[in-house]
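Encoded as structure tokens, the structure appears first; notes follow it.
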Amino acid sequence: MILFLQLFLAHILGDFFLQNNKWVSNKEALKWRSPYLYIHVLIHFWLILLVTWNFTNWQMAFLIMLSHLLIDGVKLQFQQPRYQRAWFFGDQLAHLLVIGIVWAFHEKITWQYTAIFTVKNLIICIAILFVLKPASIITKNMISRWTPNHTPGQHISTIESSLEDAGEWIGFLERLMILTFILLGRWEGVGFLLAAKSVFRFGDLKEPKETKLTEYVVIGTFLSFFIAIMTGLLSSHLLTMLK
């Protein structure tokens, strides 16, 4: 496991600390013709050797360097501005996948497919998935009757002046955090999250004319928290039974 962490450390240093905006801009402009692309991957090669402090790992470092060149080159060649975020996360995932495969072959690790689908892993996976989209849809449906100034076909984002889909993503993040806090037994984190949400979300809803909107937001928030807490409690109880 230490080798994987060393390779991961080298990746973080090389991708996020040892290249600047000038390099990134030059790579995006010149793509395969950018000298910084090749300097960047060479830095990764030497970082792996330095971090592992084992120069007999040069073949592993060379393989990761070549894969890094290929992944970055394809990304620079085909990425489009509107899909830049998707390309960024896909690029990082591909690098980590290569690191994981190289590490597994180097350590001669064998993976048992069935070991992934243990009861414990399935419970956690189901809980995570449930507090995302299903919980969001349940919350929206349960409070839809109180949507302020709602007309058929009107999306909630048109009612309030806010970022597109921001409310949904806030819900995703807060429920994931609540689930994580409960599974770790850190209930104080849930209280802190609720307090922070109250300050940021309800601070602007203090005018008398906004009473309905305030009540709508409070109901939605408490319902979202309730679903996440109940999911966390049920998951924690089931995991405890398995011990």
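None of these values were measured; they are calculated from a predicted model. Keep in mind that the numbers below use all heavy atoms, side chains included, and drop hydrogens, waters and symmetry copies.
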Under 4.5 Å between any side-chain heavy atoms of [X] and [Y], yes or no?
X: Met1; Y: Trp103; result: yes
X: Gln92; Y: His11; result: yes
X: Phe172; Y: Val131; result: no
X: Ile123; Y: Leu242; result: yes
X: Ile124; Y: Ser235; result: no
X: His95; Y: Ile71; result: yes
X: Ile178; Y: Leu194; result: no

Between Lys27 and Gln19, is a side-chain contact (heavy atoms from CB on, under 4.5 Å) present by the stated rule, with each step listed? CA-CA 11 Å; Lys27 289 193 297 180; Gln19 68 170 335; 2.9 Å; yes
In Å, rounded to the nearest 0.5 Å, how long is the span from [atom1] of [X] to [atom2] of [Y]?
X: Ile227; Y: Met142; atom1: CD1; atom2: CE; result: 7.0 Å
X: Phe62; Y: Asn57; atom1: CZ; atom2: CG; result: 15.0 Å
X: Thr231; Y: Ile126; atom1: OG1; atom2: CD1; result: 11.5 Å
X: Met65; Y: Ile48; atom1: CE; atom2: CD1; result: 9.5 Å
X: Leu122; Y: Leu238; atom1: CG; atom2: CG; result: 12.0 Å
X: Thr52; Y: His106; atom1: OG1; atom2: NE2; result: 8.5 Å

Okay, side chain of [X], backbone of [Y]: is any donor-acceptor separation there less than 3.5 Å?
X: Lys75; Y: Asp91; answer: no
X: Ser67; Y: Ile64; answer: yes
X: Thr180; Y: Leu176; answer: yes
X: Thr240; Y: Ser236; answer: yes

Are [X] and [Y] grouped together when hydrophobic residues (ILVMFWY) are joined by side-chain heavy atoms under 4.5 angstrom apart?
X: Leu132; Y: Leu179; value: yes
X: Phe222; Y: Ile182; value: yes
X: Ile2; Y: Leu9; value: no
X: Leu18; Y: Phe45; value: no
X: Val190; Y: Leu233; value: yes

What closest approach, in Å, do [X] and [Y] show between heavy atoms, and which atom pair accounts for it?
X: Leu183; Y: Gly232; result: CD2-O, 4.2 Å
X: Val51; Y: Ala10; result: CG2-CB, 4.2 Å
X: Gly220; Y: Thr139; result: O-CG2, 3.9 Å

Parallel, tilted or perpendicular: which fits the ring planes of Phe8 and Phe4, with parallel below 30° and perpendicular above 60°?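 Phe8 and Phe4: parallel rings.
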Mind jotting down which residue pairs meet the side-chain hydrogen bond (donor to acceptor under 3.5 Å, both in side chains) criterion with at least one end in residues 122-138? Sequence neighbours excluded, please.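 Non-adjacent pairs meeting side-chain hydrogen bond (donor to acceptor under 3.5 Å, both in side chains): Lys133-Glu168.
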Inspect the surroundings of [atom1] in [X] and state if more than 12 heavy atoms from other residues, nucleotides or ligands are less than 6.0 Å away.
X: Trp58; atom1: CH2; value: no
X: Asn21; atom1: CG; value: no
X: Phe89; atom1: CZ; value: no

Test Met60 against every option in Leu7, Asn54, Ile99 by the side chain to side chain contact (heavy atoms under 4.5 Å, CB included) rule and name the one that passes.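 Result for side chain to side chain contact (heavy atoms under 4.5 Å, CB included) with Met60: Leu7.
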For residues 34-41, tabulate all N or O donor-acceptor pairs below 3.5 Å that involve a side-chain atom, not counting sequence neighbours.
from  : atom 1 : to    : atom 2 : distance (Å)
Ser34 : OG     : Asn26 : OD1    : 2.5
Ser34 : OG     : Tyr36 : N      : 3.3
Tyr38 : OH     : Trp32 : O      : 2.8
His40 : NE2    : Asp15 : OD1    : 2.9
His40 : NE2    : His44 : NE2    : 3.4
His40 : NE2    : His68 : NE2    : 3.2

Dump the intermediate steps for side-chain contact (heavy atoms from CB on, under 4.5 Å) on Trp87 and Phe78, then the final yes or no. CA-CA 9 Å; Trp87 275 101; Phe78 295 104; 3.9 Å; yes
Check against side-chain contact (heavy atoms from CB on, under 4.5 Å), Leu47 and Phe17: CA-CA 12 Å; Leu47 274 173; Phe17 288 92; over 6 Å; no
